[in-house]
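Comments concern the structure below.
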Protein chains: 2
Amino acid sequence: MYHNVYFCGMENVCKICPFSSKTATPLNECDFEQLSENHVVVKFAKGDAIIKQGTYSTNVAFLRMGLVKIHLKGPSHEQIVRLVKAPAYLGLPTTFGDKINQYSVTSVTNAEVCYIDITTFRDLLKNNDLFSYEIILDLCRNELESFHRCSNRTQKQARGNLADVLLELSDRIFESEKFMLPLSQSELGNLIDTSRESISRMLSEFNGDGIIRVNGKEIEILNKKSLIVISQNG
Amino acid sequence: MYHNVYFCGMENVCKICPFSSKTATPLNECDFEQLSENHVVVKFAKGDAIIKQGTYSTNVAFLRMGLVKIHLKGPSHEQIVRLVKAPAYLGLPTTFGDKINQYSVTSVTNAEVCYIDITTFRDLLKNNDLFSYEIILDLCRNELESFHRCSNRTQKQARGNLADVLLELSDRIFESEKFMLPLSQSELGNLIDTSRESISRMLSEFNGDGIIRVNGKEIEILNKKSLIVISQNG
DNA sequence: AATGTTTTGTGACATGTATCACAATGTGTA
DNA sequence: TACACATTGTGATACATGTCACAAAACATT
């Protein structure tokens with residue numbers, strides 16, 4: 001675990017803007033200056049805790065690089081609620097809520113997080129309509145995603161959910177048919193609400209059926225269509 | 001099903017403000033005038049569809065009175081993702097997203113909804129920092145709630161989830177130990193991801209154990225402590 | 001290389017709950 | 001009042017998946 005903290009110069013601040021790649025928010029001169037003076041970048045190694053449930057937080061965290069998992073203590077075990085890929089803001093509910101982190105965020109790959117002073121962030125929201133609008137857009141997208149995820153997870157059975165995750169990793173996270181599993185099998189279990197053993201059995205099954213090829217942590221999707229079918233059959 | 005549409009005069013507009021009862025947003029004179037000219041109130045009877053998944057929407061809906069359910073088509077059946085009590089905005093993700101409603105909203109009691117023209121609403125956001133801030137706060141709260149709900153629903157078994165819902169109805173929705181179930185048993189099943197039959201059996205069980213008293217749709221909570229224990233045991 | 005620790009594979013078994021079936025009861029409507 | 005239709009109660013059965021147990025493999029550390 002290493003923390004490499006450094007202050008950003010102007011040349012790095014721009015990395016904050018493309019928060020939503022589709023509709024990047026232009027910041028004006030003044031905004032730039034404010035930001036460059038009030039934020040700090042921290043590097044995290046794979047597995048490091050970026051945000052810890054229950055702790056106090058006074059900064060806004062912007063994930064500028066890497067992949068992280070959002071997880072929280074459930075009634076019976078730790079639950080991973082989603083994977084988040086840079087660029088994205090982390091822990092906004094804490095920023096606008098009671099300042100106590102309601103969930104943990106842990107890096108799944110090496111990651112870089114940019115911390116912005118909370119008052120600077122709020123001023124930015126106040127003075128930059130487009131910026132607030134972006135934040136609202138993002139929160140709305142998350143809400144929809146939560147709804148869909150919730151209805152999927154609870155209605156499908158384990159095979160379907162695992163197929164979903166494999167497709168998500170391939171399509172959205174790594175954008176490749178072949179990738180290294182960023183999570184252990186028990187983490188995958190926590191993500192789709194099933195046991196470690198079931199994950200192991202299902203991966204073997206998919207492998208045996210020629211749908212994927214498993215080689216250690218390396219996964220190659222051989223038959224995407226089958227995966228989609230599995231993911232759709234309840 | 002009856003629709004009683006009427007335009008609001010100034011005296012009604014104020015009902016829009018207490019969107020978050022804790023931190024009501026003060027609107028200035030100008031805002032008031034804009035709003036009173038650009039919104040319409042519609043009454044819905046119990047069971048009416050307020051928003052229908054898949055339809056196009058150009059208005060912001062503000063639930064000023066009543067109780068509604070948010071539900072969407074899941075892979076195997078309709079799923080109720082949450083109950084929402086007035087006052088609250090409905091369908092914000094649609095407002096800020098692609099204008100196609102991603103979920104349905106149906107009234108569970110009689111309800112009154114105030115429709116605000118979308119551009120008026122956006123202008124309001126632009127010109128009123130506090131207002132945008134309220135919206136962001138609300139969305140953040142929803143995100144947290146979604147996370148917790150998701151981890152509860154998937155980790156607890158049916159008894160625990162039913163206990164949860166009964167407690168929520170008593171504490172948050174009706175604020176009374178005794179209330180009429182606003183949903184049928186199959187709707188309750190869709191809410192906590194279990195079958196209609198299981199709901200029936202569990203209600204009988206709770207009734208037999210003296211934890212609640214069931215009389216038709218009327219429920220009285222006799223032993224809240226037991227319900228809490230049940231809700232916490234996975 | 002040797003050793004301890006974490007992760008993975010797989011069998012046997014227990015169990016919560018979905019599903020089917022059908023009766024009973026409640027509710028709205030002509 | 002009567003009839004159709006939706007809701008609820010309850011038994012019998014099936015099955016997906018959690019849990020336990022233990023071996024094999026992978027990985028890290030000295």
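The structure presented is a predicted model; accordingly, all values stated were derived computationally and were not measured. Protein chains get the first letters and strands the later ones, always in sequence-line order, with residue 1 at the start of each.
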Residue met sooner reading DNA chain D from 5', once B:Ser200 and A:Ser195 are mapped to nucleotides:
B:Ser200
Ignoring hydrogens and geometry beyond distance, is the side chain of B:Arg196 in donor-acceptor contact with the base of D:dG9 at under 3.5 Å?
yes
Using only heavy-atom distances, decide whether a donor-acceptor pair under 3.5 angstrom links the side-chain of B:Arg201 to the base of C:dG16.
no
Would one find a side-chain N or O of A:Ser204 under 4.0 angstrom from OP1 or OP2 of C:dT10?
yes
Report, as yes or no, whether the 6.0 Å neighbourhood of atom NZ on A:Lys73 holds more than 12 heavy atoms from other residues, nucleotides or ligands.
no
Would you say A:Gln185 places a side-chain N or O within less than 4.0 Å of OP1 or OP2 belonging to C:dG9?
yes
Atom-pair distance (CG on A:Leu183; C1' on C:dT7), nearest Å:
14 Å
Between C1' on C:dT7 and CG on A:Asn190, what's the gap in Å once rounded to a whole number?
14 Å
With a 3.5 Å cut-off and no angle check, do the side chains of A:Gln155 and B:Asp193 form a donor-acceptor pair?
no
Whole angstrom value for the distance that separates P of C:dT17 from CZ of B:Arg153:
14 Å
Has B:Ser198 got a side-chain N or O lying under 4.0 Å from the OP1 or OP2 atom of C:dA18?
yes
Select one nucleotide: of C:dT10, D:dG9, C:dT19, the one nearest the side-chain heavy atoms of B:Glu197.
C:dT19
Which whole-number value in Å describes the distance from A:Leu188 CG to C:dG9 C1'?
15 Å
If the threshold is 4.0 Å, N to carboxylate O, is there a salt bridge linking B:Arg153 and B:Asp164?
no
B:Leu162 CG to C:dT17 C1', in whole Å, measures 14 Å
Side chain of A:Gln157: nearest nucleotide among D:dA16, D:dG18, D:dT8?
D:dA16
Any chance the side chains of A:Asp48 and A:Ser107 put a donor and an acceptor closer than 3.5 Å?
no
Considering only heavy side-chain atoms of B:Lys217, the closest of D:dT7, D:dT17, D:dG9 is D:dT7
When rounded to whole Å, the CD1 to P distance for the pair B:Ile192 and C:dA18 reads 9 Å
Using atom CD of B:Gln155 as one end and atom P of D:dT17 as the other, report the distance to the nearest whole Å.
17 Å
Hey, is B:Lys69 close enough to B:Glu78 for a salt bridge, meaning N to O under 4.0 Å?
no
Going by modelled atom types, is there a donor-acceptor pair between the base of C:dT15 and the side chain of B:Arg159 at under 3.5 Å?
no
Over how many whole Å does the gap from B:Met180 atom CE to C:dG26 atom C1' extend?
13 Å
Scan B:Asp193 against the nucleic acid and name what it touches under 4.0 Å (heavy atoms): base, sugar-phosphate only, or nothing.
sugar-phosphate
OP1 or OP2 of D:dT7 versus the side-chain N and O atoms of B:Ser186: is any pair under 4.0 Å?
no
